[in-house]
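The structure appears right after this line, and notes come after that.
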Protein chains: 2
Amino acid sequence: MTEKSRPLRADAARNRARVLQVAYETFAEEGAGVPIDEIARRAGVGAGTVYRHFPTKESLFQAIVADRLRQIVEWTRAQAAADPGEGLYAFLFQMAEQGATDLGLTEAFAGSGFDLAAALPDAEKEFTGMMTEILTQAQRAGTVRPDLDAADIKTLIVGLQAMRRFRGDSELMRRVYPVIRAGLAVPDSAETSTREPRT
Amino acid sequence: MTEKSRPLRADAARNRARVLQVAYETFAEEGAGVPIDEIARRAGVGAGTVYRHFPTKESLFQAIVADRLRQIVEWTRAQAAADPGEGLYAFLFQMAEQGATDLGLTEAFAGSGFDLAAALPDAEKEFTGMMTEILTQAQRAGTVRPDLDAADIKTLIVGLQAMRRFRGDSELMRRVYPVIRAGLAVPDSAETSTREPRT
DNA sequence: TCCTAACCGGAACGAGCGCCCCGATTATAT
DNA sequence: ATATAATCGGGGCGCTCGTTCCGGTTAGGA
């Protein structure tokens with residue numbers, strides 16, 4: 001391991017923190033495609049300063065996504081501990097809201113020119129592991145149909161985020177989210193796949 | 001109105017048709033972001049030839065999207081005529097498949113840097129009208145819950161396409177699509193919004 | 001066959017953006 | 001206060017891509 005490099009100079013540390021904060025907000029608003037110059041401008045520094053702290057635009061983006069994933073894992077674990085049956089639904093709704101508030105995260109999640117598992121294998125594994133946990137919990141509690149796995153949930157999240165971004169008003173989420181939730185509930189009969197129209 | 005301009009020279013007409021065909025395939029594969037040079041290369045013409053027939057990259061993209069929308073409207077009307085109760089579901093599944101086969105259409109639909117209603121008002125109106133028709137039909141047939149409108153369906157399509165693009169294998173659609181379908185079905189009780197976990 | 005207007009290809013231009021470089025500036029130890 | 005090494009800012013390079021331009025080529029009527 002490289003020894004802990006000597007502490008940053010005071011101004012450098014301040015700038016680094018400011019860049020991280022501003023980059024998070026900017027990626028959230030504009031997505032991963034925003035120019036580095038825009039982030040630098042908003043942070044009140046030069047582009048060179050951004051590149052001194054993060055060797056690449058992609059590395060800056062990754063740092064922020066990793067942070068964000070960790071926050072979500074923590075938040076979700078707390079929710080699921082309080083109510084195992086509802087944990088998954090709280091998580092799904094929360095992730096859907098990210099579609100409206102954090103475009104960068106949404107792009108990273110949907111894999112738009114960014115391979116999450118390849119770029120951040122540890123964060124991705126922890127996230128997927130957490131998803132498996134709360135899904136299993138909910139299935140044990142009987143609030144989610146048993147024929148679904150974590151990959152299915154991930155797919156649903158991508159869909160929910162796309163829908164949430166498509167319609168900016170949360171009103172529509174109040175109309176469409178219940179449809180998803182109803183579909184995730186345990187079916188009445190034993191039949192779990194396509195259902196015939198009732199006669 | 002400008003009188004019908006004199007017919008194109010034979011080679012020009014051939015090139016125009018070839019560009020349209022190749023552009024459709026290329027936009028479908030790579031999305032609206034593909035360079036014009038790539039389309040020209042695949043069509044075996046120069047970039048100048050593309051621009052002679054379509055003044056702008058966007059106008060070429062629009063022409064193709066409009067065509068595609070018309071095809072889908074026609075196909076869906078035929079399906080719905082054959083089975084009013086299933087028409088909407090056939091349409092939804094078909095649109096979901098576009099997520100895997102036509103990236104350009106998917107981007108146009110989701111409004112990724114492209115305002116469908118503003119760019120192609122006529123095609124968009126016809127498409128939305130058709131959606132309203134088949135939704136009403138299905139609701140009358142009792143196969144779809146009555147508290148949804150065309151805007152909700154449009155939102156669901158955006159979500160389905162994002163999901164379908166996320167996971168290339170149709171296996172996953174076989175797992176997730178039934179969840180959506182179950183959610184769209186008429187609920188057993190009169191309750192149509194959020195449902196409490198059963199006790 | 002021959003003429004000419006229409007058409008063709010691809011070089012070139014300008015704008016946007018990731019990233020690097022270097023002279024000027026500033027924090028900090030002495 | 002001063003020296004010095006870290007840091008700063010922003011101009012510049014190289015590349016991509018949309019769009020235009022123009023010298024050469026060809027379709028098609030006379």
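The chains referred to below are lettered A, B, ... by the order of the sequence lines, with proteins before strands, and numbering in each begins at 1. Fair warning: this is a prediction, and the values are worked out from it, not measured in the lab.
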Which whole-number value in Å describes the distance from [X] [atom1] to [N] [atom2]?
| X | N | atom1 | atom2 | value |
| --- | --- | --- | --- | --- |
| A:Arg16 | D:dG9 | CZ | C1' | 19 Å |
| A:Phe61 | C:dG18 | CZ | P | 13 Å |
| B:Leu60 | D:dG18 | CG | P | 11 Å |
| B:Ile39 | C:dG9 | CD1 | P | 15 Å |

Please report the C-alpha distance between B:Glu133 and B:Arg77 in whole Å, then the side-chain angles of each, then the deciding distance to 0.1 Å, and finally whether the salt bridge (charged side-chain N to carboxylate O under 4.0 Å, His left out) criterion is met.
CA-CA 9 Å; B:Glu133 276 174 39; B:Arg77 285 225 165 92; 3.0 Å; yes
Report yes if some heavy atom in the side chain of [X] is under 4.5 Å from a heavy atom in the side chain of [Y]; otherwise report no.
| X | Y | result |
| --- | --- | --- |
| A:Leu105 | A:Ile72 | yes |
| A:Met163 | A:Ile180 | yes |
| A:Leu20 | A:Leu60 | yes |

Please output the side-chain donor-acceptor pairs of residues 107-121 of chain B that fall under 3.5 Å, not counting sequence neighbours, one pair per line with the distance.
residue  : atom : partner  : partner atom : Å
B:Glu107 : OE1  : B:Ala32  : N            : 2.8
B:Asp115 : OD1  : B:Ala117 : N            : 3.3
B:Asp115 : OD1  : B:Ala118 : N            : 3.3

Only one of A:Arg164, A:Gln161, A:Arg68 passes side-chain hydrogen bond (donor to acceptor under 3.5 Å, both in side chains) with A:Gln98; say which it is.
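Result: among A:Arg164, A:Gln161, A:Arg68, A:Arg68 is the only option passing the side-chain hydrogen bond (donor to acceptor under 3.5 Å, both in side chains) with A:Gln98.
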Any idea which heavy atoms bring B:Ala151 and A:Arg167 closest together, and the distance?
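The answer is CB-NH2, 3.8 Å.
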Should the ring pair A:Phe27 and A:Phe61 be called parallel, tilted or perpendicular, given that the plane angle runs from 0 to 90° and is split at 30 and 60?
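Perpendicular: the ring planes of A:Phe27 and A:Phe61 meet at over 60°.
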Tell me, for nucleotides 23-30 of chain C in 5' to 3' order, what letter each nucleotide earns: B for a base near a protein heavy atom under 4.0 Å, S for only sugar-phosphate near one, - for neither?
---BSS--
Measure from the side-chain N and O atoms of B:Tyr51 to the backbone N and O of B:Ile36, and report whether any donor-acceptor pair falls under 3.5 Å.
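Answer holds: no.
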Any donor-acceptor N or O pair under 3.5 Å, side chains A:Glu25, A:Gln21
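Note: A:Glu25 and A:Gln21 side chains meet the donor-acceptor criterion.
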Within [range], residues whose heavy atoms come under 4.0 Å of DNA chain D:
| range | answer |
| --- | --- |
| residues 42-58 of chain B | B:Tyr51, B:Thr56, B:Lys57 |
| residues 20-37 of chain A | none |
| residues 103-115 of chain B | none |

Please identify each residue that fulfils side chain to side chain donor-acceptor pair (under 3.5 Å) with A:Arg165, with sequence neighbours left out.
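Counting only residues at least two positions away or on another chain, A:Arg165 forms no side chain to side chain donor-acceptor pair (under 3.5 Å).
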Between A:Glu38 and A:Arg42, is the closest basic N to carboxylate O distance under 4.0 Å?
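Salt bridge: yes.
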Can you find a side chain N or O atom of A:Asn15 that sits less than 4.0 Å from OP1 or OP2 on D:dC8?
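Affirmative; the distance criterion is met.
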Membership question, hydrophobic clusters at under 4.5 Å side-chain separation (ILVMFWY): are A:Leu69 and A:Tyr24 in the same one?
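Cluster IDs for A:Tyr24 and A:Leu69 match.
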